[in-house]
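Contents: one structure, followed by commentary.
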Amino acid sequence: MNEAQNPPESDNSQENSSTESRDFIREIVAADLASGKHGGRVQTRFPPEPNGYLHIGHAKSICLNFGVAEENEGGRCNLRFDDTNPAKEEQEFVESIEEDLRWLGFDWGQRIFFASDYFEQLYEYALELIRRGLAYVDSLGAEEIREHRGTLTEPGKNSPYRERSVEENLDLFARMRAGEFEDGAHVLRAKIDMSSPHIVMRDPTLYRIRRAHHHRTGDAWCIYPMYDFTHCLSDSIEEITHSLCTLEFENHRPLYDWVLDALETPCHPQQIEFARLNLAFTLLSKRKLMRLVTDGLVDGWDDPRMPTISGLRRRGYTPEAIRAFCDLIGVAKRDSLVEMTPLENAVREHLNRIAPRYMAVLRPLKVIIDNYPEGQVEEFEAINNPEDPQAGTRKVPFSKELFIEQDDFREEAPNRKYFRLAPGREIRLRYAYFITCTSFVKNEMGEVIEVHCSYDPESRGGSSPDGRRVRGTSHWVSAAHAVPAQVRLYDRLFTKPNPNEVEEGGDFTDNLNPASLELLTECMVEPNLRGLEAESRVQFERQGYFCVDRDSSSERPVFNRTVSLRDSWAKIEKALMG
RNA sequence: UGGGGGGUCGUCCAAGGGUAGGACAGCGGUCUUUGGAACCGCGAAUCGGGGUUCGAAUCCCUGCCUCCCAGCCA
């Protein structure tokens with residue numbers, strides 16, 4: 001939440017120099033600016049429909065639209081809710097969208113608009129279209145309209161109502177508005193060309209009758225304008241110069257231009273299409289994300305496994321990381337499937353710079369230092385962030401009984417490259433002492449439950465006066481001081497790069513990863529980790545970046561793993577095992 | 001079989017007739033009190049076939065592959 005107050009990253013400011021390559025959209029904007037095409041203005045807009053939560057795919061569009069505006073002198077970007085379908089839209093979504101946008105670090109000043117604010121104007125435009133003989137009221141049913149539309153390869157047929165007089169159309173349309181007809185009894189259509197090879201041009205529907213409560217206009221209207229009619233006119237009303245949208249709207253551009261050419265409008269914005277983001281192992285479709293939420297397949301829109309902005313936030317992502325990611329992937333027209341790695345890498349990169357370090361043992365194994373005085377407690381000074389000296393230091397208590405990570409001990413060292421604890425092996429406890437394993441204890445299940453060590457008092461602080469080399473360093477928590485915590489480890493939501501790839505008759509939920517959440521309830525963390533604010537982001541040394549969940553309490557902190565640290569030992573081990 | 005788009009390293013993005021480049025991933029190394037970070041180095045691509053040209057990722061022809069469109073959704 002506090003990030004919203006931070007100015008956007010300016011690290012890349014030098015990349016804006018003219019020698020840097022620009023994407024094709026910025027290229028067009030620059031050329032238009034140079035030629036004075038839109039009177040030297042740059043005005044974009046981000047036009048979400050409030051029918052779901054924003055996701056990382058929207059972030060791409062947001063960064064593009066707000067970015068293009070920001071980069072140009074006097075450039076502006078409007079926030080406009082495309083709320084023309086009352087059946088799907090809700091106030092909750094309007095609020096979440098604004099919140100996510102602000103959190104991402106964008107500002108639209110007073111320029112927040114709603115397509116529904118233009119309903120009256122839009123209605124006037126429709127009247128004008130009718131007067132010009134360019135629109136008519138069709139009384140065919142939905143089914144019949146579909147039949148008349150033809151197919152991809154066959155032209156459509158004119159509706160028998162196509163040649164109604166202007167007067168009759170005006171009268172009917174007014175009565176549609178007045179509520180004289182049942183839902184679906186009539187529609188207003190543009191009169192274009194039923195034999196057009198562009199299906200979108202075969203007399204597209206402009207208005208439909210729909211008695212539904214609208215989140216803003218309430219019951220004031222029973223007719224609602226369609227996207228194709230609304231969007232271009234809204235753009236024009238707001239004097240947008242460049243209307244950036246995704247590729248699936250490329251087919252609609254002839255209609256976008258037709259409407260604006262058919263009417264006298266303030267201006268004629270240029271629609272430019274770019275490829276939407278696809279992210280491997282997840283889904284970027286509001287409809288499908290909604291399904292995950294409503295079917296209880298995830299824990300709400302902000303489940304940390306969700307690719308939503310709110311999910312990423314709860315997962316521990318930063319706005320800076322998301323923006324850096326959007327920067328990295330670029331903008332083009334070709335379909336692509338972006339790997340998860342650059343996203344993870346972006347957050348690692350940012351968190352490495354800002355996240356304070358702590359020690360936390362996720363899967364504890366008891367270590368007893370036999371030659372350490374019973375009852376003695378020492379405090380060691382630990383560096384909060386080696387990347388940031390300003391972050392200072394903290395004290396961590398140490399005593400005879402500790403917890404280390406189960407992974408940091410083996411009954412037998414597997415190979416020469418293994419630097420961790422094993423009988424006879426010496427390791428360093430971070431910031432503390434060198435210890436050597438002398439023995440271990442197993443339970444009746446054959447599991448190691450206790451490791452005995454001796455320590456070298458000379459190695460206090462983590463280095464030995466004789467200069468002997470110790471390759472392995474383990475993090476640890478003093479048993480007597482440890483705070484029990486819960487940690488949630490997240491993995492990819494789906495098992496396939498493209499979750500939509502399913503067996504005949506199946507659907508995307510078949511590809512849900514059953515292991516996307518692993519709950520660790522026995523974790524032991526250093527006392528300094530108690531009482532952090534929700535959404536605090538930290539690094540657990542040697543493990544990864546974690547974020548304090550809102551379910552956290554000071555008796556029982558709860559952490560979500562944002563992303564693990566790069567783990568080159570895991571790679572070595574994997575390679576060894578073939 | 002209609003119309004509209006798109007095909008460049010594993011991935012994402014450049015090069016707009018003149019040495020195919022960057023980022024990420026990968027691999028190798030240096031350093032290291034996080035097997036983290038940082039730093040250094042190495043491999044790796046123009047969808048196919050013709051043509052124009054001294055010279056083609058780029059221009060022309062042709063073929064192939066792929067995405068989008070038949071909502072009273074956006």
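Protein chains get the first letters and strands the later ones, always in sequence-line order, with residue 1 at the start of each.
When each of B:rG5, B:rC73, B:rG36 is scored by its nearest atom to the side-chain atoms of A:Met226, the top-ranked nucleotide is B:rC73. Between B:rC12, B:rG35, B:rG2, one nucleotide has an atom nearer to the side chain of A:Ile329 than all others, and that is B:rC12. When distances run from any side-chain atom of A:Asp82 to the nucleotides B:rA70, B:rG5, B:rA74, the shortest one goes to B:rA74. Of the candidate nucleotides B:rC12, B:rG4, B:rC69, B:rC12 has the atom lying nearest to any side-chain atom of A:Val338. Side-chain atoms of A:Leu565 lie closest to B:rU34 of the nucleotides B:rU34, B:rC72, B:rC24. Distance from the side chain of A:Lys88 is smallest to B:rC73 among B:rC69, B:rC73, B:rG36. Nearest nucleotide to the side chain of A:Pro342, out of B:rA74, B:rU34, B:rC24: B:rC24. Distance from the side chain of A:Glu27 is smallest for B:rG16 among the nucleotides B:rG16, B:rG36, B:rG3. Closest to the side chain of A:Ala332, out of B:rU34, B:rA14, B:rA70, is B:rA14.
Between A:Arg357 and B:rU34, a side-chain N or O to OP1/OP2 separation shorter than 4.0 Å is absent. OP1 or OP2 of B:rC73 lies within a sub-4.0 Å distance of a side-chain N or O belonging to A:Arg208. Between A:Arg146 and B:rC72 there is no side-chain polar atom (N or O) within less than 4.0 angstrom of OP1 or OP2. Phosphate contact (OP1/OP2 of B:rC27, side-chain N/O of A:Lys571, threshold under 4.0 Å): present. Neither OP1 nor OP2 of B:rG3 sits under 4.0 Å from any side-chain N or O of A:Asn251. Put simply, A:Lys333 has no side-chain N or O that comes within less than 4.0 Å of OP1 or OP2 on B:rG7. When the side-chain nitrogen and oxygen atoms of A:Ser568 are compared with OP1 and OP2 of B:rG36, one or more of them lie within a distance under 4.0 Å. Considering only side-chain N and O atoms, A:Thr151 lies nowhere under 4.0 angstrom from the phosphate OP1 or OP2 of B:rG2. Remark: A:Arg287 is not in phosphate contact with B:rG71, judged by side-chain N or O atoms under 4.0 Å from OP1 or OP2. Side-chain N/O atoms of A:Arg334 include one lying less than 4.0 angstrom from OP1 or OP2 on B:rC13. A sub-4.0 Å separation between OP1 or OP2 of B:rA14 and a side-chain N or O of A:Arg22 is absent.
When rounded to the nearest whole Å, the span between CG of A:Asn352 and P of B:rC39 equals 11 Å. Between the CZ atom of A:Arg210 and the C1' atom of B:rA74 there is a distance of 12 Å, rounded to whole Å. Computed from coordinates, the A:Asp203 CG to B:rC72 C1' distance equals 14 Å when rounded to whole Å. Between the CZ atom of A:Phe24 and the C1' atom of B:rG16 there is a distance of 15 Å, rounded to whole Å. The nearest whole Å value for the distance from the CG atom in A:Leu337 to the C1' atom in B:rU66 is 14 Å. Here B:rC69 presents its C1' atom at 11 Å from CG of A:Asp228, a figure rounded to the nearest Å. Atom CZ in A:Arg291 sits about 21 Å away from atom P in B:rC73, given to the nearest Å. The CD-C1' distance, from A:Glu143 to B:rG71, rounds to 12 Å in whole Å.
Residue-level contact check: A:Thr84 touches the backbone only, with heavy atoms under 4.0 Å from sugar-phosphate atoms and none from bases. Looking at heavy-atom distances under 4.0 Å, A:Leu328 makes contact with sugar-phosphate atoms alone, never a base. Heavy atoms of A:Pro386 sit under 4.0 angstrom from at least one base atom. Using a 4.0 Å heavy-atom cutoff across all strands shown, A:Val200 reaches no nucleic acid atom at all.
Partner assigned to B:rG48 is B:rU62, using Watson-Crick or G-U wobble distances below 3.5 angstrom. Pairing for B:rG2 goes to B:rC69, judged as Watson-Crick or G-U wobble with the two contacts each under 3.5 Å. With both pairing distances under 3.5 Å, B:rC54 is matched to B:rG18 as a Watson-Crick or G-U wobble pair. Nucleotide B:rC31 forms a pair with no other nucleotide shown, judged by Watson-Crick or G-U wobble geometry with both contacts under 3.5 Å.
Of the charged side-chain nitrogens involved, at least one lies within less than 4.0 Å of a carboxylate oxygen, so that A:Glu180 and A:Arg175 count as a salt-bridged pair. At a threshold of 4.0 Å, the pair A:Arg26-A:Glu71 counts as salt-bridged, since one of the basic side-chain nitrogens sits closer than that to a carboxylate oxygen. A salt bridge between A:Asp138 and A:Arg162 is absent, with no side-chain N of the basic residue lying under 4.0 Å from a carboxylate O of the acidic one. Salt-bridge check for A:Arg420 with A:Asp408: passed, with a basic side-chain N closer than 4.0 Å to an acidic carboxylate O.
Between B:rG48 and B:rU8, the two C1' atoms lie 15 Å apart (nearest whole Å). Atom C1' of B:rG18 sits at a distance of 7 Å from the matching atom of B:rG55, rounded to the whole Å. B:rA25 and B:rC13 have their C1' atoms separated by 15 Å, with the value rounded to a whole Å. Comparing B:rG49 with B:rU58, their P atoms sit 12 Å apart, to the nearest whole Å. Comparing B:rC65 with B:rG51, their P atoms are spaced 23 Å from each other, to the whole Å. For B:rG21 and B:rA38, the C1' atoms lie 24 Å apart once the distance is rounded to whole Å. A gap of 15 Å separates the C1' atoms of B:rC47 and B:rC9, to the nearest Å. When the C1' atom is compared between B:rA44 and B:rC39, the two are found 22 Å apart, to the nearest whole Å.
Remark: the A:Gln543 side chain and the B:rU34 base include no donor-acceptor N/O pair separated by less than 3.5 Å. If you check distances only, the side chain of A:His252 does reach the base of B:rA74 with a donor-acceptor pair under 3.5 Å. Between the side chain of A:Glu387 and the base of B:rG36 there is at least one donor-acceptor pair of N/O atoms closer than 3.5 Å. With hydrogens and angles left out, the side chain of A:Asn85 and the base of B:rC73 share no donor-acceptor pair within 3.5 Å.
Side-chain contact of A:Arg348 with A:Thr562: a donor-acceptor pair under 3.5 Å is absent, judged by distance alone. Side-chain atoms of A:Asn51 and A:Glu89 include no donor-acceptor pair closer than 3.5 Å.
Heavy-atom minimum distance, A:Asp82 versus A:Pro47: CB-O, 3.8 Å.
Relative to the six-membered ring of A:Tyr545, A:Arg561 misses at least one condition, a distance below 6.0 Å or an angle of at most 45° to the axis.
Two rings, from A:Phe398 and A:Trp476, have their centers less than 6.0 Å apart.
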*Taking it one step at a time, do A:Tyr358 and A:Phe559 satisfy ring pair (Phe, Tyr, Trp, His ring centres under 6.0 Å)?*
CA-CA 12 Å; A:Tyr358 293 96; A:Phe559 299 93; 8.4 Å; no
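Taking the nucleotide of RNA chain B with the nearest heavy atom to each of A:Arg420 and A:Thr153, the more 5' of the two is matched to A:Thr153. Looking at which nucleotide of RNA chain B each of A:Glu154 and A:Glu339 is closest to, the 5′-most match is held by A:Glu154.
Base orientation of B:rG6: anti, since the glycosidic angle falls outside 90° of 0.
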